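Keep in mind the model is a prediction, meaning the values are calculated, not measured. Ligands are counted one by one from 1 in listed order, and the atoms in each one are counted from 1 as well.
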Amino acid sequence: MEREYMEYDVVIVGGGPAGLAAACRIRQLNEEVSVCVVEKGSEVGAHILSGAVFEPRALNELFPDWKEKGAPLHTEVKGDEIYVLKSAEKSQKVPNFFVPKTMHNEGNYIISLGNLCRWLAEQAEALGVEIYPCFAASEVIYHEDGSVKGIATGDMGVGLNGEQKDSYMPGMELHGKYTLFAEGCRGHLGKQLIEKFKLDEGKEPQHYGLGIKEIWKVPAEQHQQGLVVHTAGWPLDENGAAGGSFLYHIEDNQVVCGLITDLSYQNPRLSPFDEFQRYKHHPVIKQHLEGGERITYGARAIVKGGIQSQPKMHFAGGLLIGDDAGTLNFAKIKGSHTAMKSGMVAAECVVEAIKAERSSDDIAEYAEAYKASWAYQELWAQRNFGPAQHKWGNIIGSAYAFIDINIFNGNLPWTLSDPVADHDQLKPASEFPEINYPKPDSKLSFDKLSSVFLSNTNHEEDQPCHLKLKDNDIPITVNLPKYDEPAQRYCPAGVYEIVKEEESGDCRLQINAQNCVHCKTCDIKDPTQNITWVVPEGAGGPNYPNM
Ligand SMILES: Cc1cc2nc3c(=O)[nH]c(=O)nc-3n(C[C@H](O)[C@H](O)[C@H](O)COP(=O)(O)OP(=O)(O)OC[C@H]3O[C@@H](n4cnc5c(N)ncnc54)[C@H](O)[C@@H]3O)c2cc1C
Ligand code: SF4
């Protein structure tokens, strides 16, 4: 059946900082250029999860008058603390002098990135951009010559077994002279494009972390608006893993806290969710949360390979921007400003191309323009931070980063390598003892189900499962015996369960797809790369209020 289509000059997939900044910039430069943005969340911001300490450099360039326009940057950073957690009780505060300068936050703001995106969407609409929330781009459409023609949104009203229900509505094609892919970390279409156009040829594998975050309302007397606390070490190092935590005091007596677990961990018995629960019991953290109430929960993968892992970002008919292309600066644990800048540079190139009456060709000049931008330059200067953390762990890795970044300004004449993909790192479960995580106390620590409840996640249940297994047998024949099926633990939403049949005693993998918070960890960490995350029906997924 032929699908309906609409034509634009530019189609943008994803209403995050990269996609929205690109959309705004295009219309600022030329209001004749038609632009649409499709967003899979129920509204812009619903699927956005970030820390977030925000560096306003790109926003200053995009909207120098953002204050007058009411951008939701309400909390300036007032204090920066970094601790090494040495055990469940002990800690060491790192003197300010020894902190890598990328971790200093003077001039930055603690924000809800979801709310900033909502505001950016308002600015984009005021500039004439058409934004379609509830529409998930499920397919890339190609011209006969192989260049990208646009995207198709997913069909609605298809039942679990593929049958069309009464509510069936076919997807729609959106054609553009150029299509910008801004799906964020581990984009579903971005992954296909990287493969099709071999955009990662000659690059290091991409690396990831899983960030799990909560928002708490705390007693007013405990609240220190503007305080930023980061930690490294315990609890992850107890199980040989790396990562770090963030805890920020934002406005309205709210404290956000989260743990990022480096997905290069080797022990398949590790559970990032349970590590996060016990982290909150450390005295350094507990003092900020105790007596408060947890109000929101969510999780999202973070892309952290840096320039060594960045794919080529241009191909015939399209560009990859933002975290879809890995633009995050891991040395700062910040990617919003670089994602926005990559989108703005892309916008400038696309507007020039359209002005020259080009269409669907390869905007190769984007590579040079991005390279000349401050976004690329800061990633270049801090390129060794991530590999050093992998090679030597958090503590020695940070000491190396101090020398490389603070003393040599990133000018040391080498580039460290991190050549093993995260999914290849897992070792057999038999090499590790069981980890007995403490039971949640329902005051500071909680179970997965009550947590997912707070993410307001909702999917139409009668639809094809959006977590596709290439081989249905692998979870039971390979993953269970060898790795004790790690999906049971790395998924922060309890989607994957091994169920033992009562009568036969056989095990099977149950996929509770309706709980999925779209973090993308299963697509990244499955040891045999057997799981592919595809978009579910538009609007499905979490409904984060202010993550
Ligand atoms: C735990 C955590 C903490 C972080 N802390 C910070 C911080 O303190 N400071 C900072 O600057 N950065 C931080 N980051 C990184 C920052 O959030 C990202 O770099 C930034 O959000 C990237 O922007 P983006 O527009 O590329 O992607 P995203 O913000 O991920 O936005 C992508 C958008 O595209 C939509 N989308 C995806 N696929 C489709 C599709 N197929 N069809 C339609 N819509 C689609 C998504 O729903 C989403 O709205 C953090 C990230 C995490 C996970
Ligand atoms: S199913 Fe995959 S993408 Fe969904 S929450 Fe679990 S790990 Fe994340």
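- Heavy-atom contacts from other residues, nucleotides or ligands closer than 6.0 Å to NZ of Lys468 number more than 12.
- Remark: distances from the non-hydrogen atoms of Gly258 to ligand 1 are all 4.0 Å or more.
- In Val13, the part holding a heavy atom less than 4.0 Å from any atom of ligand 1 is the side chain.
- With a heavy-atom cut-off of 4.0 Å, Thr327 does not touch ligand 1 at all.
- Side-chain polar atoms of Thr528 and Asp526 form a donor-acceptor pair below 3.5 angstrom.
- The atoms of ligand 2 that sit less than 4.0 Å from any heavy atom of Cys516 are 1 (S), 3 (S), 4 (Fe), 5 (S).
- The two residues Leu59 and Leu120 come nearest to each other via the heavy atoms CD1-CD2, 4.5 Å.
- A cation-pi arrangement is absent between Lys332 and Phe385 under the rule of less than 6.0 angstrom and at most 45 degrees off the ring axis.
- Residue Cys519 counts as close to atom 8 (Fe) of ligand 2, with an N, O or S atom under 2.8 Å.
- When non-hydrogen atoms are compared, ligand 1 lies under 4.0 Å from the backbone of Ala182 (N, CA, C, O) but not from its side chain.
- Among all protein heavy atoms, the one lying closest to atom 9 (N) of ligand 1 is Val53 O, 2.7 Å.
- For ligand 2, the atoms lying closer than 4.0 Å to a non-hydrogen atom of Lys520 are 3 (S), 8 (Fe).
- No cation-pi contact links Lys448 to Tyr297, judged by a cut-off of 6.0 Å to the six-membered ring centre and 45° from its axis.
- Taking a 4.0 Å cut-off on heavy atoms, Lys213 fails to register as neighbouring ligand 1.
- Looking at atom 14 (N) of ligand 1, its nearest protein heavy atom turns out to be Ser50 OG, 3.2 Å.
- Note: an N/O pair closer than 3.5 Å links Pro17 and ligand 1 by distance alone.
- Of the protein's non-hydrogen atoms, Gly51 N, 3.2 Å is the one closest to atom 3 (C) of ligand 1.
- The nearest heavy-atom contact from the protein to atom 12 (N) of ligand 1 is Gly335 N, 2.9 Å.
- Judged by a 6.0 Å distance limit and a 45° cone about the ring axis, Arg294 is positioned over the six-membered ring of Phe446.
- Closest approach of Thr327 to Met313, counting heavy atoms only: CG2-CE, 4.0 Å.
- Heavy atoms from both the backbone and the side chain of Val517 come within less than 4.0 Å of ligand 2.
- For the ligand labelled ligand 1, residue Ala136 lies inside the 4.0 Å heavy-atom shell.
- Residues Thr261 and Pro272 share a closest heavy-atom pair of OG1-CB, 3.7 Å.
- Atom 2 (Fe) of ligand 2 has an N, O or S atom of Cys522 under 2.8 Å away, backbone or side chain.
- The shortest contact between atom 20 (C) of ligand 1 and any protein heavy atom is with Asp323 OD2, 3.7 Å.
- Within the structure, ligand 2 has Tyr496 among the residues with a heavy atom less than 4.0 angstrom away.
- Contact annotation for Ile212 and ligand 1: no heavy atom of the residue comes within less than 4.0 Å of the ligand.
- Residue, atom and distance of the protein heavy atom nearest to atom 47 (O) of ligand 1 are Glu39 OE2, 2.7 Å.
- Contact annotation for Arg300 and ligand 1: heavy atoms of both the backbone and the side chain come within less than 4.0 Å of the ligand.
- Taking the ring axis of Phe276 as reference, the NZ or CZ atom of Lys280 stays within 45° of it and closer than 6.0 Å to the ring centre.
- Of the heavy atoms in Phe135, only backbone atoms (N, CA, C, O) come closer than 4.0 Å to ligand 1.
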